[in-house]
There are 2 protein chains.
Amino acid sequence: MTIPGPQVLLVEDEPQMRRFLRVALESGGYRYLEAASGQEGLTLAVQHRPDVILLDLGLPDMDGLDLMTRLREWSRVPVIVISARGQETDKVGALDVGADDYLTKPFGTGELLARIRVALRHADPGTAEDPRFTLGRWQVDLAKRQVLVEGREIHLTPLEYRLFTTLIRHAGKVVTHRQLLKEVWGGVAGAQPLYLRVYMAQLRHKLEEDPSRPRYLQTEPGVGYRLKTED
Amino acid sequence: MTIPGPQVLLVEDEPQMRRFLRVALESGGYRYLEAASGQEGLTLAVQHRPDVILLDLGLPDMDGLDLMTRLREWSRVPVIVISARGQETDKVGALDVGADDYLTKPFGTGELLARIRVALRHADPGTAEDPRFTLGRWQVDLAKRQVLVEGREIHLTPLEYRLFTTLIRHAGKVVTHRQLLKEVWGGVAGAQPLYLRVYMAQLRHKLEEDPSRPRYLQTEPGVGYRLKTED
DNA sequence: GAACGCCGTTAAGAATGCGTTAGGAATCCG
DNA sequence: CGGATTCCTAACGCATTCTTAACGGCGTTC
């Protein structure tokens, strides 16, 4: 399965150029949206909130700079201007009304895609919500290195956390003693299976409702441990 | 008199080009800083924290892409590459290791200045919007470089401020010792975890209500520190 | 039913990491 | 050049974390 990529809106009146860019963008993994006029471009921008806009300045119905100005009244979506006009005054004008980049035709698709990546990088720092691993009463935010049990934060020591996240990475599957020792203790010589018993007990105390009868942190006798996912 | 403008660091080995750009930048209202080699460029970046870096890829002592990579280990300062090489692979390579823009020589000063304005706009997420960070009794105005605790202004030394804002930028997340040392001390060789203990103690004394039991500036033993956000 | 293997639990000492203080070096600024 | 600020470094005590050992329960085997 593919995660739907960022959405790109192309505002361009020439059908030939649209076809060309559509292929480039879709094969680059982006969701594609197009408008043949400035009006349509504004409408689509409102409706779909694209992640990047590619804007041709030479539109039939309205001036590209006007479109930029109208757009910037309510949105800061990155705009990459693509234009046949390479005059410096054109570039400066577009950049100063809020465009983020200016590409002069003709340009290579490689460069275009690279500049789109830059634009997305700029926009990203706000939109990124941390992915969370959720199981029963537990919520684990791997980016924050934070473990919540029923919304309350639980403190785990470095080894506890590594053991827990190792089980999470292999959620549902049995992880052997040997593998756990390797991944958590990093192949240090003295690592013994005894450590696992001690730390699993600590984890159960901190995380399980009834530590003596664990619901998720299960033992596979003679083999290893596993984090049970379904119930 | 003029308010000191943003500071621009130029990394460029050709004296002629340096003279040309110096005039352009200073008459454009920017504070100007120059380095003739990659090493010097990195050093000046650490010491002066420029607002924008103009980087010529053709340096005598080190590859421009290496410089980008080293820089991006601890800083997100906008970098505009200026290069005589206009090949698409060069552009894509530079943009993908973290450059924000790529200008091919020769270029006009008007365009350069406009692209610098774009870069500054990105770095400062909107002068129209709050560059302010609020948490509990604290108010941080990142634009003014001002920290208020219950409305009273608290003076932080440069390193204290950098450490604090680094934690703010990763608010909620654990920032490892290594990462903090890189971002605050700029990857200088002698940086030791001891520094962090000393400066965290100072920050807590200046900012926390009960420095011995910090509410926000929390320690993650064996890992790093974190600015706890209430959620 | 005793012996054994495997696991969970607890606790205590060892090792490590952390907070704190303070003094001297380095730097900045007038 | 002198004073003030800021930074670096070392030392010490305390807290946390890791390691290790001892003991008891449970099931299986002989």
Side-chain angles (χ1 to χ4, degrees), chain A residues 145 147 153-164 166-167 174-178 180-181 183-226, chain B residues 4 43-44 46-49 145 147 153-164 166-167 174-178 180-181 184-226:
Chain A
R145 197 192 180 280
V147 179
E153 185 170 353
I154 300 294
H155 174 74
L156 298 184
T157 72
L159 283 181
E160 287 166 1
Y161 184 78
R162 276 161 76 180
L163 177 56
F164 188 39
T166 301
L167 290 172
V174 177
V175 190
T176 64
H177 297 133
R178 181 192 305 254
L180 281 173
L181 288 169
E183 294 196 30
V184 177
W185 273 262
V188 177
Q192 302 170 35
L194 167 63
Y195 299 173
L196 292 177
R197 296 208 297 275
V198 173
Y199 276 87
M200 284 304 294
Q202 289 176 0
L203 273 185
R204 284 172 178 147
H205 257 96
K206 290 186 173 181
L207 302 176
E208 288 277 2
E209 203 155 10
D210 180 357
S212 61
R213 265 176 308 159
R215 184 167 172 189
Y216 300 110
L217 294 169
Q218 297 201 329
T219 303
E220 295 288 332
V223 186
Y225 294 89
R226 87 179 221 256
Chain B
T43 307
L44 288 181
V46 170
Q47 288 175 349
H48 291 83
R49 308 291 169 131
R145 198 197 175 280
V147 180
E153 181 167 0
I154 299 293
H155 172 73
L156 297 184
T157 72
L159 280 182
E160 287 166 1
Y161 184 76
R162 270 190 222 159
L163 177 56
F164 189 38
T166 301
L167 289 172
V174 174
V175 191
T176 63
H177 298 131
R178 181 193 309 247
L180 282 173
L181 288 170
V184 177
W185 274 263
V188 177
Q192 301 170 34
L194 168 62
Y195 301 174
L196 293 177
R197 297 207 298 270
V198 173
Y199 276 86
M200 284 302 296
Q202 289 176 0
L203 273 185
R204 284 174 178 147
H205 260 95
K206 290 186 174 182
L207 303 176
E208 288 277 2
E209 202 156 9
D210 180 357
S212 61
R213 265 180 313 154
R215 183 168 172 190
Y216 299 110
L217 294 169
Q218 295 201 330
T219 302
E220 292 288 332
V223 186
Y225 293 90
R226 128 157 83 203

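All of these numbers come straight from a predicted model, not from anything done at the bench. Only this structure's heavy atoms are used, side chains among them; waters, hydrogens and symmetry mates stay out. Chain letters run A, B, ... following the sequence lines, proteins first and then strands; every chain starts at 1.
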Can you tell which of [options] lies closest to the side chain of [X]?
| X | options | answer |
| --- | --- | --- |
| Arg197(A) | dT20(C), dC18(C), dT9(C) | dT9(C) |
| Val198(A) | dT20(D), dC18(D), dA10(D) | dT20(D) |
| Tyr199(B) | dT20(C), dC8(D), dT19(D) | dC8(D) |

Between [atom2] of [N] and [atom1] of [X], the distance in whole Å:
| X | N | atom1 | atom2 | value |
| --- | --- | --- | --- | --- |
| Met200(A) | dC6(C) | CE | C1' | 15 Å |
| Arg178(B) | dG17(C) | CZ | C1' | 17 Å |
| Leu196(B) | dT9(D) | CG | P | 13 Å |
| Leu203(B) | dC7(D) | CG | P | 11 Å |
| His205(B) | dT20(C) | NE2 | P | 6 Å |
| Gln218(B) | dT16(D) | CD | C1' | 15 Å |
| Gln192(B) | dT9(D) | CD | C1' | 8 Å |
| Glu220(B) | dT17(D) | CD | C1' | 13 Å |

- Query: Donor-acceptor pair, Arg226(B) side chain versus Gln218(B) backbone, under 3.5 Å?
  - Reply: no
- Glu208(A) side chain to Leu217(A) backbone, donor-acceptor under 3.5 Å: yes
- What does Leu194(B) touch in the nucleic acid at a heavy-atom separation under 4.0 angstrom: a base, only the sugar-phosphate, or nothing? base
Counting just side-chain N and O atoms, does [X] come under 4.0 Å of either OP1 or OP2 of [N]?
| X | N | result |
| --- | --- | --- |
| Thr219(B) | dG19(C) | yes |
| Tyr195(B) | dC8(D) | no |
| Thr157(B) | dC7(D) | yes |
| Arg204(A) | dG8(C) | yes |
| Tyr161(B) | dC7(D) | no |
| His177(B) | dG17(C) | no |
| His155(A) | dT16(D) | no |
| Trp185(A) | dC18(D) | no |

- Task: Indicate the ring-plane relationship of Tyr195(B) and Trp185(B), choosing parallel, tilted or perpendicular according to the 30° and 60° boundaries.
- Result: tilted
- Please report the closest heavy-atom contact between Gln202(A) and Glu160(A), naming both atoms and the distance. OE1-OE2, 2.9 Å
- Query: So which one's nearest nucleotide on DNA chain D is more toward 5', Glu160(B) or Leu159(A)?
  - Reply: Glu160(B)
- Task: Could you say whether Gln202(A) or Leu156(B) is positioned toward the 5' end of DNA chain D, judged by the nucleotide with the nearest heavy atom to each?
- Result: Leu156(B)
- Item | Donor-acceptor side-chain pairing of Arg145(A) and Thr176(B) below 3.5 angstrom | no
- Query: For Arg178(A), does the CZ atom have more than 12 heavy-atom neighbours from other residues, nucleotides or ligands under 6.0 Å away?
  - Reply: no
